[in-house]
Amino acid sequence: ATWKEGHIPQHKTLSERINAAKYFQETTKYQLPLFVDNMQNTFDENFGAWPERGYIFLDKKLVFIVDLSNLMWIESIENWLSNHFANLNN
């Protein structure tokens, strides 16, 4: 099955999960950094990652969480970025 068909079997190992992420990147030409959760789904359990959350990482630290179900999500990201980089310049 292909990613576009929407069927990726449930992963039984971390290696399978990483391979599925690589397959997604290759078949969709996705070019942004992509992270995979561990097999205990720790990130998802702590931050409710799916389906409507976006995350900004800076220096390997989670610094911002955005609710993508909010129609103003782009504006909230722009505001965070503006404030963050304004603080760096001061």
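For the numbers below, each heavy atom of this structure counts, side chains included, while hydrogens, waters and symmetry mates do not.
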Under 4.5 Å between side-chain heavy atoms, counting indirect links through other Ile/Leu/Val/Met/Phe/Trp/Tyr residues: same cluster for Met39 and Tyr23 or not? no
Nearest 0.5 Å, what's the CG-NE2 distance between Asn79 and His84? 14.5 Å
Output, in order, the C-alpha distance, side-chain angles, deciding distance and verdict of side-chain contact (heavy atoms from CB on, under 4.5 Å) for Phe35 and Phe57. CA-CA 11 Å; Phe35 299 88; Phe57 290 87; 4.2 Å; yes
Looking at CD1 of Ile65 and CD1 of Ile77, how far apart are the two atoms once the value is rounded to the nearest 0.5 Å? 12.0 Å
Check whether any side-chain heavy atom of Ile18 lies under 4.5 Å from a side-chain heavy atom of His11, and answer yes or no. no
Just so I know, are the side chains of Val63 and Trp80 near enough to count as touching, which here means a heavy-atom distance under 4.5 Å? yes
Heavy-atom closest pair (Val36 atom, Ala21 atom, distance to 0.1 Å) is CG1-CB, 3.4 Å
Tell me, yes or no, whether the heavy-atom count around Leu71 atom CG, taken from other residues, nucleotides or ligands under 6.0 Å, exceeds 12. no
Kindly state each residue pair satisfying side chain to side chain donor-acceptor pair (under 3.5 Å) with at least one member in residues 12-21, sequence neighbours excluded. Arg17-Asn41
Taking atom CE as the centre, does Met72 end up with more than 12 heavy-atom neighbours from other residues, nucleotides or ligands that are less than 6.0 angstrom away? no
For Phe43, which residues count as a ring pair (Phe, Tyr, Trp, His ring centres under 6.0 Å) partner, sequence neighbours excluded? Phe47, Tyr55
Provide the closest heavy-atom pair for Leu32 versus Tyr30 in the form atom of the first, atom of the second, distance. O-CE2, 3.3 Å
Main-chain N/O of Thr42 paired to Asn38 side chain as donor or acceptor, under 3.5 Å: yes
For Asp37 and Leu14 the tightest heavy-atom approach is O-CD1, 3.7 Å
Qualifying side chain to side chain donor-acceptor pair (under 3.5 Å) pairs with a residue from residues 68-77, counting only residues at least two apart or across chains: Asp67-Ser69
